[in-house]
Amino acid sequence: MSANAEIARLLDETAAMMEVLGENRFRVAALQRASRVISGLGVDLAQIAQDREALLAIDGVGDKIADKIQEYVRTGRIAEHDEYAQRIPSGVLDLLGVPGLGPKTVGLLWREKNITTLAGLKRALEDGSILDLPRMGKRSAERIARALAFTESSGSRTPIGVAMPIAESIVVRLEASARGATAVYAGSLRRGRDTVGDVDILACATDADAVSRAFREAPEVAEVLAAGATKSSVRLRAGDTGRLIQADLRVVERRALGAAMLYFTGSKDHNVALRERARARGLTLNEYGLFPDDGGPTPPQVRGVTPVAAKTEAAIYSKLGLAHIPPELREDRGEIAAAEAGALPDLIEPDHISAELHAHTTASDGSLSIEALAREAQRRGFHTVAVTDHSKSQTVANGLDEARLREHIASIRAVNERMRGVTVLAGAEVDIHADGSLDYDDDTLALLDIVVASPHWALTQKPADATRRLLRAIEHPLVDIVGHPTGRLIGKREGLSPDIAELCAAAAEHGTALEINAHWMRLDLRDTHVRAAVEAGAPIAINCDVHSERDFDNLRYGVMTARRGWLPADRCVNAWSARRLRAWLGRRR
DNA sequence: GCCGTTTTCGGCCCGACTGTTTTCAGTCG
């Protein structure tokens, strides 16, 4: 695990322990904020820890947290974390992971009933002893029991590729449920995060009740958690995955849809920053609109105060003196300052993509023939598609040895001769061995139009080894793209933790593209890595790693990840004209 | 514990819903 991830985890755990102990909530919030900022940081804290000014320049990092970062880099520990860990059994923090159990209840469970593990909680629910606690009735106990079952079955976050189709089908159903109804999804899904905690839906309709009913009575609903006049929460069965995912619906007034979208899209940190900005301008912002701050005793919308802006997000940003900020950027990572300065990036969009540069055919583990692949690429409006089947070491994927590769290249060239309107490139996805050497020799690589080099195994190497390995591939004169550089699988495999800054600098120097693999199980590079690559000046590829026709549909997840990394279109090789792409591929051949 | 166009102290975003209460605490986003 990288230093950043570990420091973020220790700070977050410290905050959780402080919360259970009932300590000052602002100190807790400060640690949580620092943890979030650090986990999304592009630079490696281990590299800059000596530079105190650089640490203090990080949002949310002050003297105390800078001390903790330096302490961690020096000793591998944070003493304050250890002290709290002495006072609280570790299982108590697991209890906080159960939805509906907050620090107060967890603290009570621990102190009053000595419940310090999920198993202990389960026993107390079964034997009814949990009912001894103050404010703990039968209904609360039942709610906790269901929440516990939920965490055990599918407690972790859901990949965007699973959640997005669910959200889209809910939107369609709600819009059909009442005349003139409008529905949109918000939350981290709209921001394009690689995983989501839940699905947030907003709806407007004259018949709010009909929309709410349609939401709660949908066939996928396994359980209704809340059913208010404007807010409903349910747990849904997520397709055939066997897991459950929470979905929340808010029914809002059409005239305040923009304010609601802003509020429910988040992120939390972005919203807090916007509210602080509003306050500094004598305004107050909530999910009903941007209002003059008249210091009234009740919320302005309750008193019929006319909002300064509410209907659209753009109007609210405008009244706050900001350009409209695309959802993918709303993470409080400098987007507000950029919007104020008119310096937001000209972000890439799905329509900009006109080449797929990582695709497999039946020659290795794909399901399409070369020709079927080419036709599908053409149908999607692409000017170029690269056939990049696996190299010889990928025996499980039917990787090609040199002899088969030569035949394959001839077949690709033959198809390319026949096709009109789309260029089919002869390429390969070549394994990067653990030491950074490649799976084909240079003479073989020189036969190809394009080389994607990817790590597929030895994905538990030490960070320094991984950095050396990937650097060697980036510096290789015949490598055009490094595919899914860390090899992570979301929720399943952490993958490599190379020094991203070093890789990006080398990629910029050698003109080698780093790939965002658009498959929703990978999304690797991840958003923060893309941001580092953009800042370093490295080219980026967004590829679908096509194995079947449907894989092309994953492009949108890759593009959302790119946007989260502030990627402008002209830095993405897949968005270049055929001519520019050819010139780049020919630069060293 | 952070932070500053209200600035080095004294604030720190705001509302919906539930359950167990008779007016509100806890949780969530």
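Chain letters run A, B, ... following the sequence lines, proteins first and then strands; every chain starts at 1.
Separation of the P atoms belonging to B/dG10 and B/dG15 is 26 Å when rounded to the nearest angstrom. For the C1' atoms, the distance from B/dG26 to B/dT21 is 13 Å, rounded to whole Å. B/dC9 and B/dC14 are spaced 25 Å apart, taking the P atom of each and rounding to whole Å. Distance check on atom C1': B/dA16 versus B/dG11 gives 26 Å, rounded to whole Å. To the nearest whole angstrom, the two C1' atoms, one in B/dC13 and one in B/dG29, are 12 Å apart. With both ends at atom C1', the span from B/dT22 to B/dC28 equals 24 Å, rounded to whole Å. Rounded to the nearest Å, the gap between the C1' atom of B/dC12 and that of B/dT6 is 13 Å.
Residue A/Glu71 contributes atom CD, which lies 12 Å from atom P of B/dG1 at whole-angstrom precision. Rounded to whole Å, atom P of B/dC12 lies 18 Å from atom CG of A/Leu274. Summarising the geometry, the separation between CZ on A/Arg33 and C1' on B/dC3 is reported as 9 Å, rounded to the nearest angstrom. Atom CG of A/Asp63 and atom C1' of B/dG1 are 10 Å apart (whole Å). One interatomic measurement links the two molecules: CD of A/Glu276 to P of B/dC13, which rounds to 6 Å at whole-angstrom precision. Distance, A/Arg279 CZ to B/dT6 P: 11 Å, rounded to whole Å. In this entry the distance linking CD1 of A/Ile316 with P of B/dC13 reads 18 Å, nearest Å. Rounded to whole angstrom, the span from the CE atom of A/Met136 across to the C1' atom of B/dA25 amounts to 12 Å.
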Between A/Arg146 and A/Glu223, does the side-chain contact (heavy atoms from CB on, under 4.5 Å) criterion hold? Intermediate values first, please. CA-CA 9 Å; A/Arg146 285 194 303 272; A/Glu223 183 185 351; 2.3 Å; yes
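Contact of the A/Leu189 side chain with the A/Ile160 side chain is registered, since non-hydrogen atoms from C-beta on lie closer than 4.5 Å.
Among the heavy atoms of the strands, none lies under 4.0 Å from A/Val28. A/Thr284 comes within 4.0 angstrom of the backbone, heavy atoms only, and of no base. Among the atoms of the strands shown, none is found under 4.0 Å from any heavy atom of A/Glu23. Residue contacts for A/Lys64: at a heavy-atom cut-off of 4.0 Å it reaches the sugar-phosphate backbone alone, with no base atom in range. Using a 4.0 Å heavy-atom distance criterion, A/Ala227 is classed as a sugar-phosphate-only contact.
The side chain of A/Tyr288 lies closest to B/dA16 when the candidates are B/dG19, B/dA16, B/dG1. Of the candidates B/dG29, B/dC17, B/dC14, the closest approach to any side-chain atom of A/Lys231 belongs to B/dC17. Closest approach to the A/Asn286 side chain among B/dC14, B/dA16, B/dT6 is made by B/dC14 (side chain taken as heavy atoms from C-beta onward). The listed nucleotides are B/dG1, B/dA16, B/dC14; the one nearest the side chain of A/Arg275 is B/dC14. Nearest to the side chain of A/Arg135, among B/dC24, B/dT27, B/dG29, sits B/dC24. Comparing B/dT18, B/dC14, B/dG1 by their nearest atom to the side chain of A/Ala226 picks out B/dT18. When the nucleotides B/dG1, B/dG15, B/dT6 are ranked by their closest atom to the side chain of A/Arg27, B/dG1 comes out on top. The side chain of A/Asp59 sits closest to B/dC3 out of B/dC17, B/dG29, B/dC3. With B/dT18, B/dA16, B/dG29 as the choices, the nucleotide that has an atom nearest any side-chain atom of A/Tyr263 turns out to be B/dG29.
Side-chain contact of A/Arg193 with A/Ser188: a donor-acceptor pair under 3.5 Å is absent, judged by distance alone.
Between A/Phe264 and A/Val272, it is A/Val272 whose nearest contact on DNA chain B lies nearer the 5' terminus. Between A/Arg143 and A/Met18, it is A/Met18 whose nearest contact on DNA chain B lies nearer the 5' terminus.
A 3.5 Å limit on both hydrogen-bonding distances identifies B/dG15 as the Watson-Crick or G-U partner of B/dC28.
Within the 3.5 Å criterion, the main-chain N or O of A/Glu331 finds no donor-acceptor partner in the side chain of A/Arg36. A/Arg277 contributes a side-chain N or O that, together with a main-chain N or O of A/Leu320, makes up a donor-acceptor pair within less than 3.5 Å.
Only one option out of A/Asp524, A/Thr561, A/Asp527 pairs with A/Ile516 in a side chain to side chain contact (heavy atoms under 4.5 Å, CB included); it is A/Thr561.
Stacking between A/Phe26 and the base of B/dC12 is present: ring centres sit under 5.5 Å apart and the planes differ by under 30 degrees.
Between A/Glu313 and A/Arg190 there is a salt bridge, since a side-chain N of the basic residue sits under 4.0 Å from a carboxylate O of the acidic one.
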